[in-house]
> 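Structure incoming, see below.
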Amino acid sequence: MKRESGKEATDVTILGAGIVGVCCALSALERGLTVTIIDRKDPGEETSYGNAGVISPWSVVPQCTPGIWKSVPRWLLDPKGPVKVRWRDLPSILPWAWSFLRNATPEKVEKISDAMSLLMLENLELYRRYLSGTGHENLLAESMHVSVYRGDTKPALEDLPYRLRSARGAKVEIIGGEELRDLEPDLAPGYHSAALVKDQARARDPGKLCKVLAAQAQTCGAAFRRCEVTALRPREDGTHNLETTEGLIPTRKLVLAVGIWSAELLRPLGIHLPLIAERGYHLEFTEPQVALNNSIQDAGAKIIVCSMNGGVRVAGTAEFASLNAPPNYARAQALEPLAKRLLPKLNTGAKRQWMGIRPSFPDNLPAIGPVPGFHNLIAAFGHSHYGLGMAPGTGRIVADCLKGKTANSDLSMISPARF
C-alpha cells in the first residue's frame, strides 16, 4: 500500500490538464468550488497542443456521415490517404467501426449534430471571457472556415456539411475563384470555388492557449499537481483514492478528463467503453513565407491548413492503431505534398512533426456526466476531433453536475450511460 499524500482534498479533483480539464476547472472555480488539477505533464502538452486550432460554434458535422462507407475502401488502400489502419490491429477495431457505420444514418446524424451544437454554441464567448485580462487575448483570431474545391467537385449549400451548419444558425456563403483569391492570395489558382462558414475564430497557438488558461485557473485558486495516476480506488463512502507516483491522493468529487486514458482507468472498475485511440498527425512549417487569413480546408484532400504563431500548420490525417504503438511519421510527411499543392509558394525547408491521440467514440460524441454506479465520478472525455471547440461547453456541464444542478437540456446523447 502506498502512503497517503497528506494533503486535504479539495471540492473537486480533475485528472487532465488538457483544454477540456482546464475548462472544467475554470467553470468549477466560477461556481465557487475548490479545485485541484492533476496531470503527468504540464498543461497543454498532449493532444491539446497539436490540433488545427479551429474554434467554431458551427463544428456540428460528425465524421460518421451517411455514405461514408463508400469512401472507406479507397482511403484504406491509399497509403497517403486521410485514414490509415494498422492491419494487425484490425480485429480489435472492427466492432468500433461497425458501430461507427451504424451511426451514419440521416436520423442519427441529425441527433448527433444537435448534441454537438449544444456543446459548441457558446465556445467563442467563453474563451474570450476566460482570456480577458490575461494579456493574451490575441491568441484568438477572428476567422472563417473556408472549404476550397478543385477539379470536378463544387460546393453547394444543399451539401450535408453546410446544411447541418445552416440549420443550426451558421452563415454559409459560396464564392468563386476570383473572390477566393482576394480572400487568400497565397492559394493555388487551381481552386475554383469555396464555401465560407462565418463568425468563428482560430487559435494562433492551441498549446499556449491551454497553458494561459491553466495559469488563469491557478490565479483563481486552482492547485496543480504533476504526477501520474495509475489507478482509481473506490472508498466505502463513495469517494475515491487516486493511486499515483506520489502516493495515495484522496478525492471528494473526481472528474476524468485524460482522454483515452480515462477509459483505461475505468476498465479495472468493470466499466468497458467503446473508446478508441485515433491518432492524429500534423506538420508545421516554421519559415513558411506564405500566410493564411482563415482556416482552410481542402475539401478533397481532407486536410486543414492554418497560420499560427509558430508557422503554417497542416493537419487532418487519422490513423487507427493500438494505444502503445510507436508513431508512424510517414503519415505526417504525407501531408507535405498536399500542403504544397494548396500553397505553391510554401517554404517546406524547415518543419516539425507531431503525433497525438484523439479519444473517439463511434458516435463522435464525448462522454460527459456521472459514471453509472459511481456517484462522485464525472466523465469528461472522448471528444474525438472536437476537443478544442467542445471544451468550454463541457466545462459548463461538468460544473453543473458537480453542483447538483439539473440540466435544462437533454444530455442523454452525451451521457456515459448510453453505452
Side-chain angles (χ1 to χ4, degrees), residues 13-25 37-53 59 62-63 89 92-93 96 100 116 119 203 206-207 209-211 213-214 224-232 242 244 254-269 271-282 315 317-325 327 354-369 371 377-395 397-398 414-416 419:
T13 302
I14 298 171
L15 298 192
I19 194 64
V20 171
V22 168
C23 285
C24 288
I37 306 171
I38 297 176
D39 203 308
R40 63 182 181 179
K41 293 186 178 180
D42 288 336
E45 295 289 328
E46 294 275 8
T47 307
S48 296
Y49 168 82
N51 57 71
S59 291
Q63 304 293 313
D89 297 316
S92 63
I93 292 169
W96 184 96
F100 175 89
M116 294 176 75
L119 290 166
L209 173 66
C210 187
K211 290 179 182 298
L213 295 186
F224 177 73
R225 301 183 68 171
R226 184 170 174 176
C227 60
E228 184 168 1
V229 175
T230 56
L232 308 183
L242 304 181
T244 81
L254 179 61
V255 177
L256 284 181
V258 282
I260 190 70
W261 294 278
S262 300
E264 297 296 305
L265 289 169
L266 289 174
R267 189 171 291 115
L269 304 184
I271 300 171
H272 300 275
L273 299 174
L275 192 67
I276 201 167
E278 183 188 347
R279 299 143 68 92
Y281 294 83
H282 82 226
T317 183
E319 178 187 46
F320 295 92
S322 60
L323 180 58
N324 297 315
W354 175 89
M355 187 278 290
I357 298 175
R358 306 181 187 105
S360 297
F361 285 112
D363 57 5
N364 291 162
L365 292 172
I368 306 173
V371 175
L377 187 56
I378 309 296
F381 59 87
H383 293 77
S384 186
H385 295 245
Y386 313 98
L388 186 64
M390 291 181 175
T394 299
I397 293 170
V398 166
I414 58 174
S415 169
F419 302 114

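Only heavy atoms go into these numbers, but all of them, side chains included; no hydrogens, no water, no symmetry mates. The first residue of the sequence shown is numbered 1, and numbering continues consecutively from there.
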> I'd like to check the side-chain hydrogen bond (donor to acceptor under 3.5 Å, both in side chains) partners of S262; sequence neighbours left out, ordered by chain and number.
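Partners of S262 under the side-chain hydrogen bond (donor to acceptor under 3.5 Å, both in side chains) test: none.
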
> Hey, could you give me the CD1/OG distance between I276 and S360, rounded to the nearest 0.5 Å?
8.0 Å

> Can you name the closest pair of heavy atoms from A315 and A52 and give their distance?
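Smallest heavy-atom distance, with atoms named: CB-CB, 4.4 Å.
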
> List the atom of G53, the atom of P206, and the distance in Å for their closest heavy-atom pair.
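Minimum heavy-atom contact is CA-CG, 4.0 Å.
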
> Could you check if a side-chain atom of F320 sits within less than 4.5 angstrom of a side-chain atom of E278, using non-hydrogen atoms only?
yes

> Measure across P416 and L273 and return the closest heavy-atom pair with its distance rounded to 0.1 Å.
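The pair with the smallest heavy-atom distance is O-CD2, 4.3 Å.
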
> Are L15 and L232 packed together at the side-chain level, in the sense that at least one heavy-atom pair is separated by less than 4.5 angstrom?
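A side-chain contact under 4.5 Å exists here.
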
> Check whether any side-chain heavy atom of T394 sits under 4.5 Å from a side-chain heavy atom of C24, and report yes or no.
yes

> Main chain of G16, side chain of W261: is a donor-acceptor contact present, judged purely on distance under 3.5 Å?
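Side chain of W261 to backbone of G16, a donor-acceptor pair under 3.5 Å: no, none is there.
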
> Find out whether I38 and T244 are in side-chain contact, i.e. whether some heavy atom of one side chain is under 4.5 Å from a heavy atom of the other.
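The answer is no; the side chains never approach within 4.5 Å.
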
> Taking all atoms of both residues into account, what is the closest heavy-atom pair of I19 and G387, and its distance?
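So the minimum-distance heavy-atom pair works out to CG2-O, 4.0 Å.
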
> Nearest 0.5 Å please: distance from the CG atom of L365 over to the OG atom of S415.
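Taking CG in L365 and OG in S415, the distance rounds to 11.5 Å.
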
> Can you tell me how far CG of N364 sits from CZ of F100, rounded to the nearest 0.5 angstrom?
5.5 Å

> Can you give me the closest heavy-atom contact between P359 and I260, atom names plus distance?
CB-N, 3.4 Å

> Is a donor on one side and an acceptor on the other found under 3.5 Å between the side chain of T317 and the backbone of Y281?
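Such a contact is absent between T317 side chain and Y281 backbone.
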
> Less than 4.5 Å apart, any side-chain heavy atom of R358 and any of Y386?
no

> With rounding to the nearest 0.5 angstrom, report the CG to CZ distance, L266 to F381.
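The CG atom of L266 sits 5.0 Å away from the CZ atom of F381.
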
> Taking C-beta and beyond as the side chain, do P366 and L119 meet within less than 4.5 Å on heavy atoms?
yes

> Determine whether a donor-acceptor pair (N or O, by modelled atom type, separation under 3.5 Å) exists between the side chain of T47 and the backbone of I357.
yes

> Rounded to the nearest 0.5 Å, what separation is found between the CG atom of D89 and the CD atom of E319?
9.0 Å

> Is there side-chain contact between D42 and R226, with at least one heavy-atom pair below 4.5 Å?
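A side-chain contact exists here, since the closest heavy-atom pair is under 4.5 Å.
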
> What residues form a side-chain hydrogen bond (donor to acceptor under 3.5 Å, both in side chains) with H282, not counting sequence neighbours?
none

> Please walk me through it: do V398 and I14 pass side-chain contact (heavy atoms from CB on, under 4.5 Å)?
CA-CA 11 Å; V398 166; I14 298 171; over 6 Å; no

> Can you sort out the partners of F361 under ring-ring contact (aromatic ring centres under 6.0 Å, His included), two or more places apart, ordered by chain and number?
F419

> Do M390 and I368 pass the side-chain contact (heavy atoms from CB on, under 4.5 Å) test, and can you show the C-alpha distance, the side-chain angles, and the key distance before you say yes or no?
CA-CA 11 Å; M390 291 181 175; I368 306 173; over 6 Å; no

> Check whether any side-chain heavy atom of V371 lies under 4.5 Å from a side-chain heavy atom of I378, and answer yes or no.
no

> So which heavy atom on L275 is nearest to which on A263, and how close?
CD2-CB, 3.8 Å

> For the atom pair CD1 (I397) and CD1 (I414), what is the distance rounded to the nearest 0.5 Å?
4.0 Å

